[in-house]
Number of protein chains: 2
Amino acid sequence: MAPKIKDVAKQAGVSVTTVSRVLNGEKYVKDDLKARVKRAIDELGYTPSHIARSLVLKKTNLIGVIVPDITSSFYSTILSTIERTASLNDYNLMVCNILEDTDKELKYLQIFKQMRVDGIIIMHEKFSEEIRELIQSLDIPFLFSSVKPADQQFVSVIIDDYAAAYDATRHLIGLGHSRIGFIGGDMRDVTSGQNRYLGYSNALSDCGIKVEDDYIRFGDYKTQSGYDLMKEILANETRPTAVFAVSDDMAVGAMNGIHDCGLKVPDDLSVIGFDGSQLTEQVRPRLSSMEQPILEMGKVTVDKLLRMIAGNEEEPLNDVILKHKLVVRDSCKAYRDHS
Amino acid sequence: MAPKIKDVAKQAGVSVTTVSRVLNGEKYVKDDLKARVKRAIDELGYTPSHIARSLVLKKTNLIGVIVPDITSSFYSTILSTIERTASLNDYNLMVCNILEDTDKELKYLQIFKQMRVDGIIIMHEKFSEEIRELIQSLDIPFLFSSVKPADQQFVSVIIDDYAAAYDATRHLIGLGHSRIGFIGGDMRDVTSGQNRYLGYSNALSDCGIKVEDDYIRFGDYKTQSGYDLMKEILANETRPTAVFAVSDDMAVGAMNGIHDCGLKVPDDLSVIGFDGSQLTEQVRPRLSSMEQPILEMGKVTVDKLLRMIAGNEEEPLNDVILKHKLVVRDSCKAYRDHS
């Protein structure tokens, strides 16, 4: 039979209220009483019920996290950093994997409310009016990480997707490429898909290169869609000499599509990805990528959420924009027009 | 101000006790009272506090999960299946990523106790006497998934690691290879590292092939260790013609090590992996692998744990052994001795 708070009180020779005050870390408890209670707790092996204590403290030290797909190398990496930072601050995660199912997300947000989580981190690429209304009605601090809903009133920790995509495309142009394919993301709901497309197309236009619809496809950020869409792009009579995919998973799919068509990366086509996940180093040739600062992003997200939870008045409720960085590996090559 | 249980009682014209009995799904509440309470709940938008209710029901519908590394493709895939099965049964996960830190695992197990989780799933590759003692003292149903501690008294959902490694090695021998390298896992704490090594070495012995220590290394299941150890094996004067790595991540590392030494898979060396993670299809050549039934493993784990939580007397407390399966892709080739 597990010892209860009254057993601790009896053992220490104090009242239940005193034990409770010691457990809650209240001031104005005499040192010798504190010592007696602590000794009694040790002797009995008492563990305070998190549930009972959270009713008193109105705090659960839980953070709810919505993630679209835990098997994506980008999300699993950012999640592991979020977990590490939360843990250092004595917060625990409740991770929910929604697989882009907005009904499931609604259900999980309801559960977060019931569980009285202290804060919520949302990473997903789809969005509905119901979810918008629900999260606003929750009265729980929340923020978006790595994505930004089109609705400007929500706080996000994010990179400048437009500038990052612009810079990735300019890198390919700088290598002499002008027929540059594009495998984009979802153009609805969140801004990253749109901004990355705009970055790509404006980089071409700014260099006097025509944007060719035949070289452009939109996928779901996963390997299989990069593979399938690359094959579609390669079916054009004149194929591009380079391709930019807006996730590393899609870029690896594109590399595999190129390989399976009997062509070589980077000799026949250059490929550049986006994210900076560990997959970039796991494939051959190693994938050049426009990298998000994944580790920093997870840390900044948790730090900001904890300040919002603490009710820090000076915490500005605007986006945090982190710096992107081009990491050149082996998948891109200068193009000389020898065809 | 969020409505409270007493507001619901007032709106429905019943006592707080009646509302509480309806919420807890008790029998012997008259149908018209139930209907009035439900209508009042809808009208007020009342959400019962999970915390308050779990104090009454002694049930949190939470499952704690210990995972060694969420960025591993094997663990993220099994985790997503565990999540899906739990969710279908109205259970939620509290996922803790321990990065093989046994102190962190101890801390998380304490938190699971405080949170009063209903059950615990453990997937990790290290083990200490303190963890053994703690989980036994928790009085919470738990089981191991995909790993088995050397201590036979714990329940695991697992494959037959010995037979799977034996079959993988026999596949390479059947292709004509006799100089077969091995990149193994941790030989302490859990049985899979030892059993996979025994499966490998016995398959060689049974075919009259000498086990060569120079061709054998032990890593940590991750890509980088497969890469480094493969390079060590290739430094031998006579190199092997095939290699078996006991995780897909290490096998991909080995493939990259071979590639970076200027050799080709499968022309110069055949490579076979272990697990059946999505990485097998993301690399070129696609990786042949001795696959664990990852999706089934996650589902069976949750189903068994839920029966243990329900206190099903007939639930046998012994291991569940699932079937492994060789999936042949493009990384292995028949060996003809033309050197």
Side-chain angles (χ1 to χ4, degrees), chain A residues 2 45 47-55 60-62 64-65 69-73 75-77 79-80 82-84 87 90 92-99 104 107-108 110-116 137 139 223-224 227 249 252-253 255-256 259-260 277-279 281-286, chain B residues 2 45 47-55 60-62 64-65 69-73 75-77 79-80 82-84 87 90 92-99 104 107-108 110-116 137 139 223-224 227 249 252-253 255-256 259-260 277-279 281-286:
Chain A
T47 311
S49 156
H50 186 278
I51 294 170
R53 204 176 45 189
S54 67
L55 274 178
T60 55
N61 277 43
L62 267 181
V65 183
D69 179 12
I70 212 174
T71 65
S72 127
S73 51
Y75 288 112
S76 67
T77 307
L79 199 52
S80 71
I82 286 174
E83 198 278 336
R84 199 174 306 125
S87 166
D90 285 323
N92 303 297
L93 300 190
M94 180 141 180
V95 176
C96 300
N97 191 36
I98 56 167
L99 296 168
K104 212 166 163 186
K107 186 189 130 198
Y108 277 128
Q110 295 278 10
I111 288 168
F112 288 166
K113 184 179 176 187
Q114 288 178 18
M115 297 287 300
R116 304 277 193 260
S137 74
D139 202 23
T223 307
Q224 187 65 45
Y227 183 85
D249 288 14
V252 165
M255 280 173 57
N256 292 339
H259 176 275
D260 292 357
S277 74
Q278 62 176 6
L279 202 51
E281 294 278 349
Q282 285 177 318
V283 293
R284 288 298 178 277
R286 298 180 315 141
Chain B
T47 310
S49 156
H50 186 277
I51 294 171
R53 205 175 44 189
S54 66
L55 274 178
T60 55
N61 276 41
L62 268 181
V65 183
D69 179 11
I70 211 173
T71 64
S72 126
S73 52
Y75 288 113
S76 67
T77 307
L79 200 52
S80 71
I82 286 174
E83 199 279 337
R84 199 173 306 125
S87 166
D90 284 323
N92 302 297
L93 300 190
M94 180 141 182
V95 177
C96 300
N97 192 35
I98 54 166
L99 297 168
K104 212 166 164 187
K107 185 189 132 198
Y108 277 128
Q110 295 278 10
I111 289 169
F112 287 166
K113 184 179 176 187
Q114 288 178 19
M115 297 288 299
R116 305 277 193 259
S137 73
D139 202 24
T223 307
Q224 187 65 45
Y227 183 84
D249 288 14
V252 165
M255 280 173 58
N256 292 339
H259 176 275
D260 292 358
S277 75
Q278 63 177 4
L279 202 52
E281 294 277 348
Q282 285 177 318
V283 293
R284 288 297 177 277
R286 298 180 315 140

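A, B, ... follow the sequence lines: proteins, then strands. Residue 1 opens every chain. These values consider heavy atoms only, across backbone and side chains, with no hydrogens, waters or symmetry-generated copies.
Here the closest heavy-atom approach between residue I70(B) and residue N97(B) is recorded as N-OD1, 2.9 Å. D249(A) and L279(A) get closest at one heavy-atom pair: OD1-CD2, 3.3 Å. T223(A) approaches Q282(B) most closely through the heavy-atom pair OG1-NE2, 2.7 Å. Across Y108(A) and S87(B), no two heavy atoms sit closer than the pair OH-CB, 3.4 Å.
With hydrogens and angles ignored, the 3.5 Å screen pairs a side-chain donor or acceptor of R116(B) with a backbone N or O of K113(B). N61(B) contributes no side-chain N or O that, together with a main-chain N or O of N92(B), makes up a donor-acceptor pair within less than 3.5 Å.
In terms of heavy-atom pairs under 4.5 angstrom with chain B, the leader among V95(A), L93(A), N256(A) is N256(A). Heavy-atom pairs under 4.5 Å with chain A were tallied for K107(B), R286(B), Q110(B); the largest tally goes to K107(B). No other option in D260(A), T77(A), V252(A) has as many heavy-atom pairs under 4.5 Å with chain B as D260(A). Interface summary for chain A: among S72(B), C96(B), S76(B), the most heavy-atom pairs under 4.5 angstrom belong to S76(B). Ranked by heavy-atom pairs shorter than 4.5 Å toward chain A, the options V65(B), L79(B), T71(B) are led by T71(B).
For E281(A), the part lying under 4.5 angstrom from a heavy atom of chain B is the backbone only. Contact annotation for S277(B): neither backbone nor side-chain heavy atoms come within less than 4.5 Å of a heavy atom of chain A. Residue D139(B): no heavy atom, backbone or side chain, is found under 4.5 Å from chain A. Heavy-atom distances place no part of S73(B) under 4.5 Å from chain A, backbone and side chain included. Only the side chain of Q278(A) comes within less than 4.5 Å of a heavy atom of chain B; its backbone N, CA, C and O stay farther away. S137(A) does not touch chain B: none of its heavy atoms, backbone or side chain, sits under 4.5 Å away.
Counting heavy atoms from C-beta outward, P285(A) and M255(A) have side chains that approach closer than 4.5 Å. The shortest distance between side-chain heavy atoms of I111(A) and M94(A) falls below 4.5 Å.
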